[in-house]
Amino acid sequence: MSTSGTPQFRYTQTPSKVLHLRNLPWECAEEELIELCKPFGKIVNTKCNVGANRNQAFVEFSDLNQAINMVSYYASSSEPAQVRGKTVYIQYSNRHEIVNNKSPGDVPGNVLLVTIEGVEAGDVSIDVIHLVFSAFGFVHKIATFEKAAGFQALIQFSDAVTASMARNAYLLPENVGSCNLRISYSAHTDLNIKFQSHRSRDYTNPLLPVNPTAIEGIMQPTVGPDGKRKELESNVLLASIENMQYAVTVDVIHTVFSAFGTVQKIAIFEKNGQTQALVQYPDLNTAAVAREALEGHCIYDGGYCKLHLSYSRHTDLNVKAYSDKSRDYTIPDASLLAAQQVSGYPPPPGAWQNPQAAPMYHGNEYSGAASVQAQAPPGPPGQSPSWDPAMQAGISTFGSAPSTFPGQPYQASSGPVYASAAMPAGSSPLQSGPTSSGMGSRGMSQPGVPPNVRPGGGASSPGVRPPGASPSYYGQ
DNA sequence: AGCACA
């Protein structure tokens, strides 16, 4: 019964890979603990400023023997362990791992991240979520989305106190058992809600426009004649890229999809190890045409980078204007910047500016394959006017006999031939005329290192910690 | 100088 009979601080403690450090100097920093302990092994976790005086700490080694080494070293050393000249007392902790080094989701905030397991986006109405969480206080905003973890909702309250009340209520056992709800804190403080829709609400701003393409989502899901849920159309396509042997950059996506109309925004991301891209057109028709034309086709010859297209639930992508993984071409400055940086050429001379294909082109004459065919001669719809005509001569030769170009900076085998591969023979607007050549010439620069990719980026990325940097001990 | 806290 009573294990508390023997005081824990006797010298009879069982070894633990967690050490308890006492008599630390005021506000002892994690770095100072690490300095002291890392000669004995790999430190995998710490907890600082513990105890009433905040002068205690815990350090967890990856291996028990490392902790034993440290304790026994200082047990027999003439020099005591010291931090800032102050003697530090070291003993085994009575726990075997440091828990509760708060994960980000446990850091309180005014926005909750709610994960509802075992349901799809269509199964839970945002109104129900609103109703339920309004019990704890005014709900400012809600954004819902689907992630690998399941259906999730971000719920914004006025403050962290209100949010924690909601969270704590659902941590009660009876609730945990009855519904598959997991709640953590989001790092967000203010959600960016663009529209009132079936996926997001801003209750502080009832005048916020209703997203027109989201209205049907508020109603019941569309059901086809076979009783299956019909795929909702969208102006945004979701492209899954299969067999991705070559890098598919924003520029490649832009080139391919621009053949059917103005590409407004692009976002590239990974999902379940597969690269996907969201491509936003101004309207449903353009997206439908692109989808029809590109589905199942490969960006590169040889079955590489095969595209599978579906309609996204998104209607307006929220992307960074210019990054490795995203582009917003609707921002005039950014698209200009992008065109220049991407092409690597100086801005196109005025003579090559097709007035119908100016960067701000938002028209939609190309709403069907037939009309596209009919209009083939005038030039690429919504196409960037920055094609270098000098590049066009080489492209077909490059595709068929690349080895005859010794000066070609790119590997022959990686030469993109999506002028032929990605474009359906019969229905493509790219089949003839300057467009297909343009596709090729633009694509030609892709397998190499585009100007917007930093070759050394990996080495200097934040993921790699320089030796001596504060958190470097995690890697030993 | 003697064990963290959702």
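Lettering of chains follows the sequences in order, A, B, ..., and the numbering in each one begins at 1. Not measured: the values here are computed from a predicted model.
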Task: Point-to-point distance, once rounded to the nearest 0.5 Å, from NZ of A:Lys141 to CZ of A:Arg201 - done: 14.5 Å
- [ ] Taking atom types as modelled, find out whether A:His314 and A:Gln280 have a side-chain donor-acceptor pair closer than 3.5 angstrom.
- [x] no
Open item on the list: Is there a side-chain contact between A:Gln56 and the phosphate of B:dG2, meaning an N or O under 4.0 Å from OP1 or OP2?
Closed with: yes
Task: Rounded distance (Å) that lies between atom P of B:dA1 and atom OH of A:Tyr92 - done: 23 Å
Open item on the list: What is the separation between atom CG on A:Asn53 and atom C1' on B:dA1, rounded to the nearest whole Å?
Closed with: 10 Å
Open item on the list: Nearest whole Å is fine: how far is B:dA6 P from A:Leu112 CG?
Closed with: 16 Å
Task: Nucleotide nearest A:Asn23 when distance is taken to its side chain, options B:dA4, B:dG2, B:dA1 - done: B:dA1
TODO: Among A:His297, A:Glu295, A:Gln274, find the one that has a side-chain hydrogen bond (donor to acceptor under 3.5 Å, both in side chains) with A:His308.
DONE: A:Glu295
TODO: Rounded off to whole Å, could you give me the CZ-to-C1' distance for the A:Arg54 and B:dA4 pair?
DONE: 12 Å
Open item on the list: Are A:Phe40 and A:Tyr73 an aromatic pair, judged by ring center distance below 6.0 Å?
Closed with: yes
Task: Separation of B:dC3 P from A:Arg95 CZ (nearest whole Å) - done: 11 Å
Task: Length of the CD1-P vector between A:Ile90 and B:dG2, whole Å - done: 15 Å
Task: d(CG, A:Asn45; P, B:dC3) in whole Å - done: 20 Å
- [ ] Could you state the atom-to-atom distance from CG of A:Asn55 to P of B:dA4 in whole Å?
- [x] 13 Å
Task: Upstream residue (5' side of DNA chain B) when A:Arg22 and A:Gly51 are each assigned their closest nucleotide - done: A:Arg22
Open item on the list: Under 4.0 Å, heavy atoms only, any strand: does A:Tyr185 hit a base, just the sugar-phosphate, or nothing?
Closed with: nothing
Task: Aromatic-base stack, A:Tyr89 on B:dA1, cutoff 5.5 Å, angle under 30 - done: yes
